[in-house]
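Following: one structure in structure tokens, then a few remarks.
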Amino acid sequence: MFVLTDNETGGVYAVKDDADGRQVVTMFVDKDDADRYYTLLEANGFRRSLTVSEVESDLVKDNCAIHGYYFTVITPDDIFVPPPEEDLDDIT
């Protein structure tokens with residue numbers, strides 16, 4: 001799996017769930033999809049420098065459970081776009 005990580009802090013990129021405000025960590029099955037998502041983030045005005053990092057999905061799932069975050073898995077068949085610029089959240 002692949003996630004976006006902050007180059008300065010090493011934190012993992014997440015967005016806020018509209019329903020309850022919890023953070024959602026996005027894991028991508030395909031590295032190209034993660035790269036494409038980051039390109040779209042930049043086009044929306046996201047200014048932090050991120051890196052696509054390969055991770056073990058169980059590690060991400062365990063950390064999400066510990067910190068009260070959700071996670072989602074984006075497959076190559078999914079269409080996933082970043083939130084508008086005003087809704088972009090910080091790195092978790």
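The figures that follow rest on heavy atoms only: side chains count, while hydrogens, waters and symmetry mates do not.
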Task: Verdict with supporting geometry, Y70 and D20, side chain to side chain donor-acceptor pair (under 3.5 Å) - done: CA-CA 11 Å; Y70 295 131; D20 64 8; 2.4 Å; yes
Open item on the list: Measuring from atom CE of M1 to atom CZ of F71, what distance do you get when rounded to the nearest 0.5 angstrom?
Closed with: 8.5 Å
TODO: Show your working on side-chain contact (heavy atoms from CB on, under 4.5 Å) between T26 and I74 and close with a plain yes or no.
DONE: CA-CA 7 Å; T26 306; I74 305 301; 3.5 Å; yes
Open item on the list: Between R36 and V52, is there a side-chain heavy-atom distance shorter than 4.5 Å?
Closed with: no
TODO: To the nearest 0.5 Å, tell me how far Q23 CD sits from H67 NE2.
DONE: 12.0 Å
TODO: Determine, for R22 against D17, whether the closest basic-nitrogen to carboxylate-oxygen distance falls under 4.0 angstrom.
DONE: no
TODO: Taking all heavy atoms of T5 and all of S53, pick out the closest pair and write down the distance.
DONE: OG1-OG, 2.8 Å
Open item on the list: Has D78 got a side-chain atom pairing as donor or acceptor with T75's backbone, closer than 3.5 angstrom?
Closed with: yes
- [ ] Run the numbers on V60 and V12 for side-chain contact (heavy atoms from CB on, under 4.5 Å), then give the verdict.
- [x] CA-CA 9 Å; V60 174; V12 176; 5.9 Å; no
- [ ] In sequence, state the C-alpha distance, the side-chain angles, and the governing distance for F2 and L4, and then conclude on side-chain contact (heavy atoms from CB on, under 4.5 Å).
- [x] CA-CA 7 Å; F2 298 89; L4 300 174; over 6 Å; no
Open item on the list: Working to the nearest 0.5 angstrom, can you tell me the gap between L41 CG and R47 CZ?
Closed with: 11.0 Å
- [ ] Salt-bridge test for K31 and D35: reply yes if a basic N is under 4.0 Å from a carboxylate O, no otherwise.
- [x] yes
Open item on the list: Quick one, M27 with K61, criterion side-chain contact (heavy atoms from CB on, under 4.5 Å). Give me CA distance, side-chain angles, the key distance, then yes/no.
Closed with: CA-CA 10 Å; M27 292 189 286; K61 291 174 186 178; 4.2 Å; yes
- [ ] Just say parallel, tilted or perpendicular for the rings of Y37 and F28, cut-offs at 30° and 60°.
- [x] tilted
- [ ] Assess the pair Y38 and F46: is the distance between their ring centroids shorter than 6.0 Å?
- [x] no
Open item on the list: Working to the nearest 0.5 angstrom, can you tell me the gap between T51 OG1 and D6 CG?
Closed with: 8.5 Å
- [ ] Group every Ile, Leu, Val, Met, Phe, Trp and Tyr by side-chain heavy-atom contacts under 4.5 Å, then state whether L40 and F80 land in the same group.
- [x] no
